[in-house]
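To start, the structure itself, in structure tokens.
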Amino acid sequence: MIAVMFTDFQQSVWEALKTIPRGKVTTYGEIARYLGRPRAARAVGSAVGKNPNAPEVPCHRVVPSSGLVGNYSGPGGRDGKIKLLKEEGVVFERGKVGEFYRF
DNA sequence: GGCCTGACTTTAG
DNA sequence: GCTAAAGCCAGGC
């Protein structure tokens, strides 16, 4: 008896986010590629956006390939997200991520 | 089963 | 460096 509240894909995305070390950031494309769907960046974004495990899943460590923060809809918005990342040790260059983490 | 939306990516101008 | 358009995947209705 299994009430699938969340799909396997979503759980996989969250698991991938949890593998990101503190002070590092990755892109949706990287996560999608890690899951075996290098073109599922949008699906990854949607899954992360649902993020029911906010404190458990470091969604703030995920950024688009542009290096920008992206459409973060959480508390504090993009500014709060950037500030939080900087607090974790992430280097920002002119409002952009200096380096990405690769699986 | 089909259509629309979305925290994206990539290529071209 | 910026803007515009097309592509791809999963979820929701």
Side-chain angles (χ1 to χ4, degrees):
Chain A
M1 174 293 228
I2 47 171
V4 181
M5 306 181 6
F6 313 113
T7 64
D8 295 340
F9 182 78
Q10 249 195 356
Q11 292 180 45
S12 299
V13 173
W14 304 329
E15 288 296 306
L17 296 219
K18 288 193 288 187
T19 61
I20 302 170
R22 178 180 169 286
K24 294 280 186 175
V25 290
T26 190
T27 67
Y28 297 96
E30 284 296 300
I31 296 169
R33 187 172 68 80
Y34 177 76
L35 297 178
R37 300 311 195 237
R39 303 283 185 268
R42 295 178 67 162
V44 173
S46 297
V48 177
K50 278 147 185 134
N51 186 9
N53 301 330
E56 189 175 342
V57 178
C59 47
H60 56 272
R61 286 181 193 157
V62 183
V63 296
S65 62
S66 302
L68 299 171
V69 181
N71 278 326
Y72 180 68
S73 301
R78 300 187 186 89
D79 185 59
K81 180 173 177 180
I82 294 170
K83 187 175 183 180
L84 181 61
L85 288 170
K86 290 171 93 171
E87 288 296 305
E88 292 192 345
V90 178
V91 180
F92 274 82
E93 294 281 321
R94 301 181 317 176
K96 289 180 137 180
V97 179
E99 188 175 1
F100 301 101
Y101 167 73
R102 288 196 149 189
F103 291 99

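Order of the sequence lines fixes the chain letters, A, B, ..., with proteins taken first and strands second; residue numbering starts at 1 for each chain. All of these numbers come straight from a predicted model, not from anything done at the bench.
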Within the structure shown, what part of the strands sits under 4.0 Å from A/Ser65 by heavy-atom distance: base, sugar-phosphate, or nothing? sugar-phosphate
So A/Tyr28, base contact, sugar-phosphate only, or nothing? Heavy-atom distance under 4.0 Å. base
Acceptor/donor pairs from residues 48-70 of chain A side chains to any protein atom, 3.5 angstrom cut, sequence neighbours excluded:
unit_1: A/Asn51; atom_1: OD1; unit_2: A/Asn53; atom_2: N; d: 3.1
unit_1: A/Asn51; atom_1: OD1; unit_2: A/Ala54; atom_2: N; d: 3.3
unit_1: A/Glu56; atom_1: OE2; unit_2: A/Lys18; atom_2: NZ; d: 3.3
unit_1: A/His60; atom_1: NE2; unit_2: A/Glu88; atom_2: OE2; d: 3.1
unit_1: A/Arg61; atom_1: NE; unit_2: A/Glu88; atom_2: OE1; d: 2.9
unit_1: A/Arg61; atom_1: NH1; unit_2: A/Ile20; atom_2: O; d: 3.0
unit_1: A/Arg61; atom_1: NH2; unit_2: A/Glu88; atom_2: OE1; d: 3.3
unit_1: A/Arg61; atom_1: NH2; unit_2: A/Glu88; atom_2: OE2; d: 3.3

Using whole Å, what does the distance between atom P of nucleotide C/dA10 and atom CZ of A/Arg33 come to? 17 Å
Can a donor-acceptor pair under 3.5 Å be found between the side-chain atoms of A/Arg37 and the base atoms of C/dC9? no
When A/Lys96 and A/Ala40 are each assigned the nearest nucleotide of DNA chain C, the 5'-most assignment goes to A/Lys96
At under 4.0 Å between heavy atoms, what does A/Ala43 touch on the DNA or RNA strands: base, sugar-phosphate, or nothing? base
What's the CH2-P distance between A/Trp14 and C/dA10, to the nearest Å? 15 Å
Rounded to whole Å, CZ of A/Arg42 lies from P of C/dA6 at a distance of 13 Å
Over all strands shown, is A/Gly70 touching base, sugar-phosphate only, or nothing at heavy-atom distances under 4.0 angstrom? nothing
Can A/Leu17 be reached from A/Phe100 by stepping across I, L, V, M, F, W or Y side chains whose heavy atoms are under 4.5 Å apart? no
Between C1' of C/dG12 and NZ of A/Lys50, the distance in whole Å: 8 Å
By nearest nucleotide on DNA chain B, pick out whichever of A/Glu30 and A/Ser46 is the more 5' one. A/Ser46
For chain A, the stretch of DNA chain B it reaches, first to last nucleotide, under 4.0 Å of its heavy atoms: B/dG6 to B/dT10
Linking I/L/V/M/F/W/Y whenever any side-chain heavy atoms sit under 4.5 Å apart, do A/Tyr101 and A/Val91 land together? no
Shared hydrophobic cluster for A/Tyr72 and A/Val97 (ILVMFWY, side-chain gaps under 4.5 Å): yes
Could you measure the distance from the CZ atom of A/Phe9 to the CZ atom of A/Arg37? Nearest 0.5 Å is fine. 8.0 Å
Parallel, tilted or perpendicular: which one describes the rings of A/Tyr34 and A/Phe103, with boundaries at 30° and 60°? parallel
Would A/Glu30 and A/Arg33 satisfy salt bridge (charged side-chain N to carboxylate O under 4.0 Å, His left out), going step by step from the backbone distance to the final call? CA-CA 5 Å; A/Glu30 284 296 300; A/Arg33 187 172 68 80; 3.3 Å; yes
